[in-house]
Amino acid sequence: MTEKQEPAHKRNMTRRKVVVAGAAAVVAVGAGGGLAVNAFAGETTTDASASSTATASETCYTLTSETTEGPYYIDADKIRQNITEGKEGIPMTLELKVIDADTCKPVKNAAVDIWHCTALGVYSGYEAMGSGGGGGGGTPPSGAPTDAPSGTPTGEPPSGGPSGGTGGGHSEPTDDERYLRGTWKTDKRGYVTFKTIFPGWYQGRAVHIHTKVHVDGTWTDAGYEGGHTCHTGQFFFDEKSVLASAEVSPYSTNTAARTTLTEDTIYPQNGHAGGLLYLKYDKKNIAKGVRAHLTMGVAPDETHDSTDTQPSTSASPSAS
């Protein structure tokens, strides 16, 4: 598609107004620039050589929605890809690609953080916040499932559970545990892979994983230093996969009232642009493992390091 053929309203788009073809595919940019299939099935992005001829106004990929950091972020103190630390759960490989949403070029050498709760809804570093401590965390207070207003989730667990009473602000860690947390570097193609488990849930939130992308810093023997955070977001799971996981131990012992994806007040309700992961697993036996992937379109020159959200989303900054 040449610039001459492209409608004027598309040529003048900002980075937050993108052309989307299908669920996660985008239009080609630049003269002679054809579409290239991404390494992840179901996603299509512009070929890197073609993107080099793109102008700043020719946005080629959806900018991934910013969401709240939540209260349980611990800054990059575990530089590793395998974050499981022996925690029980369905094995999961999380494959991410980070690209500049303006140019489609991969963002290399970025530091990507992920962190999430256990199958029973407990965050490492904050076991005392879980209603069951390190061994539980998924059990809601008596009567909570029936007393909660129908169809009007608050977006945060009750006081005493994960993020209860925090208002989305950062909470100081209560212990030295760091399972299900880690930071790793994107390669020259913008890819990073983590080994973890399928997350569980706690009252008030749908199943999710937190993430941050840091750029312009320096990798040293001690880890990642300097730079700034260009993206703070969350990854989400479709309802079918969560229901399948709930049949598997130890998820099946999690008695917390579960919030669905459509009820969640943090999920922007905008599909993959909002962090909804592409998933692959044996539909008859999810316990064998899950492969999850997503391409994140970020704005490397911007800073999004806490609770800011895209203007078009309805996400609340009050939950984790």
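Positions are given from 1 along the sequence.
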Among Y179, Y72, W115, the one residue meeting side chain to side chain contact (heavy atoms under 4.5 Å, CB included) with S124: Y179
Please name the residue in the list T193, V215, V112, L96 that meets the side chain to side chain contact (heavy atoms under 4.5 Å, CB included) test with T186. V112
Modelled atom types, side-chain donor and acceptor of [X] and [Y], under 3.5 Å:
X	Y	result
D305	T303	no
T220	T218	no
T196	H116	yes
H214	D113	yes

Hey, is R80 close enough to E85 for a salt bridge, meaning N to O under 4.0 Å? yes
Parallel, tilted or perpendicular, judged at 30° and 60°: which one describes the rings of Y251 and W201? parallel
Heavy-atom distance under 4.5 Å between the side chains of [X] and [Y], does that happen here?
X	Y	answer
E177	Y123	no
I83	I114	yes
L261	F237	no
P91	K195	no
V122	Y202	no
T68	I266	yes
I79	W184	yes
T232	V213	no

In this structure, are over 12 heavy atoms from other groups packed under 6.0 Å from E239 atom CD? yes
Only pairs at least two apart or in different chains count here, so list each salt bridge (charged side-chain N to carboxylate O under 4.0 Å, His left out) that has a residue in residues 271-299. E95-R291, D282-K288
What residue pairs, at least two apart or across chains, pass salt bridge (charged side-chain N to carboxylate O under 4.0 Å, His left out) with a residue in residues 211-235? E69-K212
Flag the pair Y73 / H210 as yes when their ring centroid distance falls below 6.0 Å, and as no otherwise. no
Donor-acceptor check, side chain of Q234 to backbone of I209, threshold 3.5 angstrom: yes or no? no
